[in-house]
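Remarks on the structure that follows.
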Number of protein chains: 2
Amino acid sequence: MLIHVESHKQDKSVGRIRQQNESKIIAAAEIEFARHGYKGASIQNIAERSGLPKANIHYYFRSKQGLYAAVLSNILDLWDEVLSELDPDGDPAQELEAYIRAKMVLSRDYPLASRIFGIEIMSGGAHLKEYFQDGYVDWFKGRTAVFETWIAQGKMQPIDPAHLVFLLWSSTQHYADFSCQIDAALGKPQAMLERAEFDTATETLIHIILQGCGIRQP
Amino acid sequence: MLIHVESHKQDKSVGRIRQQNESKIIAAAEIEFARHGYKGASIQNIAERSGLPKANIHYYFRSKQGLYAAVLSNILDLWDEVLSELDPDGDPAQELEAYIRAKMVLSRDYPLASRIFGIEIMSGGAHLKEYFQDGYVDWFKGRTAVFETWIAQGKMQPIDPAHLVFLLWSSTQHYADFSCQIDAALGKPQAMLERAEFDTATETLIHIILQGCGIRQP
DNA sequence: GTCTATAGCCCGATAGAC
DNA sequence: GTCTATCGGGCTATAGAC
């Protein structure tokens, strides 16, 4: 409403700065929330990391909760955007392989998103209560329905669809969430897994899961 | 040294109380650390939950770090104790199946341990630096060696052993770590997964992984 | 819109009476 | 060994000058 009164010039300029600052804050917040969880993260550190004064964070996002909600919302949007649904009429082998590849790319390119979500769930998911409301059961049924179709058509063995979905999630997210343990186990000097290692992981998962479901023969 | 001067009666009594209180504190700390991570947990809440005054926690454990180290150490001891190594001379199918069952029982019976460790790793594992020192690479090589033996003997397909181990870890721990998401997806009213659901999950994982490695035929 | 200054609270840790 | 009382510091959030 108020914005309508202001000139276009001001709108653009102000909007641009706002968007830039909000992005800076969100980027800094993702690092802090991924490192310390919701309660452990501090607005002070987020402010220092973003290069903005502490009070500006309260100006752009009403509160710590508001900032965290924005970060979580970004993560859910990213996943909805990137992960397309499996096509019941498609070839199971191709569909599953493409899904595993897409999830592994997400783990490689957006590890912070995966970790923030993971820590939130492990901590009890108190901030995702709404997200996990009744609609979630139906959404999940949509995820498993594809496999029931394929099983009914004899395209794969009668694997429990829900637990297959959990396996797809857990095995792929592991490479984002537990990367510091993986690095330690493989003796990588620091931080991120090499691209080649990620590719090996992807191919290994595709092999075991597809063959394990009887979709590909040995 | 000082203890030797005191009477046996005092020793026993004091030792018993100390052990009881330490157990109470550790139990309360596990709940708080699993819910808020290291930085987010507060000694105050741990004290209230344990029914002891705040200062006693500093008396029994020197500091917050000391208490957290004790909790983490308990978790690592539990896993060393329960998870026996795979026998290279044993039957791969039986050995792998037994391992998956053992890890799923741990996820079911000690979900807090799994979550505390998981949150610590996801947060960067700063408090496990020593644990992940050079010895860890060798320990991990010991884990993967069994599979290399089996592959050389033609008992299983040439699966990358390291990524197979990661799959075993991720798929089983998921049921402890992400239980609140699993409950939401399956429409369980609250908290813990039913025993029957856990059994279904275990059998599904055994089926997919063993068949996926070419250890069991379809 | 931006930023300084500060209120009010909870934190980890300790001193010291019992 | 136990527990109260308290210190110093960092926290979220806001008031108000610019």
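Residue numbering restarts at 1 for every chain, and letters A, B, ... go by the order of the sequence lines. No hydrogens, no waters, no symmetry mates; every other heavy atom, side chains included, goes into these values.
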Students often mix this up, so state it plainly: with edges at 30° and 60°, are the rings of H127(A) and Y68(A) parallel, tilted or perpendicular? perpendicular
Residue pair S114(A) / D177(A), side-chain donor-acceptor N/O under 3.5 Å: yes
Output the residues of residues 31-38 of chain B in contact with DNA chain D, where contact means a heavy atom of the residue under 4.0 Å from an atom of the strand; sort by number or write none. none
Just say parallel, tilted or perpendicular for the rings of H174(B) and F178(B), cut-offs at 30° and 60°. parallel
If you draw a 6.0 Å radius around CD in Q133(B), do more than 12 non-hydrogen atoms from other residues or ligands fall strictly inside? yes
K39(B), NZ: over 12 other non-hydrogen atoms inside 6.0 angstrom: yes
Any base atoms under 4.0 Å from F61(A), or only sugar-phosphate, or nothing? Heavy atoms, all strands. nothing
In terms of ring plane angle, is the pair F132(A) and F117(A) parallel, tilted or perpendicular, where the classes change at 30° and 60°? perpendicular
Can you tell me the distance, in whole Å, between the CG atom of L52(A) and the P atom of dC3(C)? 7 Å
Partner set under side chain to side chain contact (heavy atoms under 4.5 Å, CB included) for K129(B), not counting sequence neighbours: none
Contacts of V82(A) that satisfy side chain to side chain contact (heavy atoms under 4.5 Å, CB included) - sequence neighbours left out: L78(A), L106(A)
Please determine whether the number of non-hydrogen atoms from other residues, nucleotides or ligands lying under 6.0 Å from atom OH of Y110(B) exceeds 12. no
Calculate the interatomic distance between K64(B) atom NZ and dG10(D) atom P; express it in whole Å. 14 Å
Quick one: N56(A) CG to dT2(C) P, roughly how many Å, whole number? 6 Å
Salt bridge (charged side-chain N to carboxylate O under 4.0 Å, His left out) contacts in which one or both residues fall within residues 26-35 of chain B, not counting sequence neighbours: E32(B)-R49(B)
Check DNA chain C against residues 41-49 of chain B and give the residues with a non-hydrogen atom under 4.0 Å, in numerical order. A41(B), S42(B), I43(B), Q44(B)
Provide, to the nearest angstrom, the distance between the NZ atom belonging to K39(A) and the P atom belonging to dC10(C). 11 Å
Aromatic plane relationship, Y131(A) with Y136(A) - under 30° parallel, 30 to 60° tilted, over 60° perpendicular: tilted
Would one find a side-chain N or O of Y60(B) under 4.0 angstrom from OP1 or OP2 of dG1(D)? no
Output one line per pair: protein atom, nucleotide atom from nucleotides 14-18 of chain D, and distance, for all N/O pairs under 3.5 Å.
none

To the nearest Å, how far apart are I25(B) CD1 and dG12(C) P? 14 Å
Starting at atom CD1 of I57(A), determine the distance to atom P of dC11(D), rounded to an integer number of angstrom. 12 Å
Spacing between N21(B) atom CG and dG1(D) atom P, to the nearest angstrom: 10 Å
